[in-house]
Amino acid sequence: MIEVDAVPIQPKQHLDMEAVFTFVTVVEQGSFSAAAAVLYKTPSAISHRIKSLEDALGIQLLERTTHSTAPTEAGKRLMAKAQYMLDLHQSLFDEFESIKLGVESSYTIVFNNLLYDAAAAARLLEHLRDRFRTTTFSVRQSVFMGVWDYLIYDRGSIAIGAPSFHSIHEDFVTTPLGLIDWALVCAPGHPCLSAAAEAGGSTEEALRIYPTVNVEDTSTHTQGRPSWRLNGQDEFIVPDLKTKMKCFEEGLGFGFLPRSLVTERIRCGTLVELQATGVFRQPSPMSLARPKNRTGVITQYVEQLVANGHDLVKPFLAPLTVQ
């Protein structure tokens with residue numbers, strides 16, 4: 001039997017991150033003295049840090065000359081990874097500090113599709129990310145009761161535009177935001193205009209032969225809210241409000257859209273408001289909603305933005321009329 005001498009296990013080496021930072025500064029500044037000035041250290045202290053780092057790695061990292069300092073091949077390899085190491089090192093401390101302060105590690109904002117604004121959502125995400133660097137943010141857009149569905153079953157953090165002024169679940173709290181007012185619209189020249197004018201007291205009967213267009217409730221667990229349509233009226237289902245409005249502009253039926261969304265189009269003449277006796281839709285209440293047991297730092301911050309009508313959230317609140 002051949003005996004093989006056991007290879008001694010070497011103790012794991014420890015990297016001094018302050019020494020790594022000092023190394024990066026020396027390379028960026030080009031000399032020990034320049035790095036010392038930036039770091040408010042003496043050149044000898046800088047030299048000691050670099051020597052301890054080289055001893056820990058067992059290899060020379062810097063070529064020193066009378067007038068300059070340059071990284072060796074090993075130094076270049078370290079330089080390529082040093083910033084990542086420093087960022088990771090700092091991010092760990094940032095994450096632990098965030099936990100101590102009660103900052104949520106992940107955060108999902110759910111928007112009612114009636115209030116959603118893509119450009120404003122991007123600006124809000126950018127702002128929140130800059131302020132809460134350790135948090136992972138996401139945005140969801142839901143229709144009608146789908147907003148509550150996402151809060152209850154998918155653990156959304158907060159909802160802007162939960163239907164109703166009152167919570168549908170005891171584990172949530174709501175703050176009323178306002179109402180969505182509706183306008184009954186169609187394309188100029190659509191036959192429903194003359195049908196409504198001629199119908200007198202039987203407007204609904206005269207109009208039901210023309211289709212409407214709707215965006216379907218996205219709820220899959222909570223009981224969904226049926227889309228508006230007259231009894232017996234055909235409907236087309238589309239994915240979003242922009243498509244719905246475009247369908248009406250192209251003459252595909254008639255129906256209700258948020259008044260804030262169609263005011264300018266009515267003024268420009270691409271849509272007209274249909275006056276139909278007995279055909280109406282009640283204003284829809286919208287709330288800010290969140291779980292009772294989630295009062296983390298970001299939730300409090302978003303609630304303050306909304307309460308103060310901050311510019312970051314104004315576009316989401318703009319479609320609403322105050323009760």
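Here, residue 1 is the first one in the sequence, and each next residue gets the next number. Owing to the predicted nature of the structure, the values given are computational and were not obtained by experimental measurement.
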*Is R64 salt-bridged to E54, going by a charged N under 4.0 Å from an acidic O?*
yes
_Linked, directly or transitively: I168 and L179 (ILVMFWY side chains, under 4.5 Å)_ = no
*Should the heavy atoms of other residues, nucleotides or ligands under 6.0 Å from CD of Q60 be counted, would the total exceed 12?*
yes
_Could you check whether R259 pairs with E273 (Lys NZ or Arg NE/NH1/NH2 to Asp/Glu carboxylate O, under 4.0 Å)?_
yes
*asked:* For the CZ atom on R77, are there more than 12 heavy atoms of other groups (residues, nucleotides or ligands in this structure) within a distance under 6.0 Å?
replied: no
_Suppose we call two aromatic rings close when their centres sit under 6.0 Å apart. Are H190 and Y210 close by that rule?_
yes
_One pair to check against side chain to side chain donor-acceptor pair (under 3.5 Å): D240 and T243. What are the steps and the verdict?_
CA-CA 6 Å; D240 52 52; T243 307; 2.7 Å; yes
_Ring centres under 6.0 angstrom apart (F316, F111)_ = yes
*Does the pair R208/D234 count as a salt bridge with the N-to-O cut at 4.0 Å?*
no
*Report yes or no: do V306 and I298 belong to one cluster of Ile/Leu/Val/Met/Phe/Trp/Tyr joined by side chain heavy-atom distances under 4.5 Å?*
yes
*Examine the side chains of T220 and D149 and answer whether a donor and an acceptor come within less than 3.5 Å of each other.*
yes
_Heavy-atom side-chain contact between T222 and Y153 under 4.5 Å_ = yes
*May I ask you to check whether T299 and Y107 show a side-chain donor-acceptor distance below 3.5 Å?*
yes
_S138/T108 under side chain to side chain donor-acceptor pair (under 3.5 Å): CA gap, chis, key distance, verdict_ = CA-CA 5 Å; S138 60; T108 299; 2.8 Å; yes
*Give a yes or no on whether a salt bridge exists between R123 and E126, defined as a side-chain N under 4.0 angstrom from a carboxylate O.*
no
*For residues N214 and E235, is any side-chain donor paired with an opposing acceptor at under 3.5 Å?*
yes
_Does W182 form a side chain to side chain donor-acceptor pair (under 3.5 Å) with S284? I'd like the steps, not just the answer._
CA-CA 8 Å; W182 299 94; S284 300; 3.0 Å; yes
*When you look at T135 and E104, which way does the side chain to side chain donor-acceptor pair (under 3.5 Å) test go after all the steps?*
CA-CA 6 Å; T135 301; E104 299 90 328; 5.8 Å; no
*Step through the shown structure and confirm whether more than 12 heavy atoms of other residues, nucleotides or ligands are within 6.0 Å of CZ on R155.*
no
_Within 6.0 angstrom of E216 CD, more than 12 heavy atoms from elsewhere_ = no
*Pair F132 and Y301, ring centroids less than 6.0 Å apart*: yes
*Does S227 reach the side chain of V215, with side-chain heavy atoms less than 4.5 Å apart?*
no
*Joint cluster assignment, L252 & V262, ILVMFWY side-chain distance < 4.5 Å*: yes
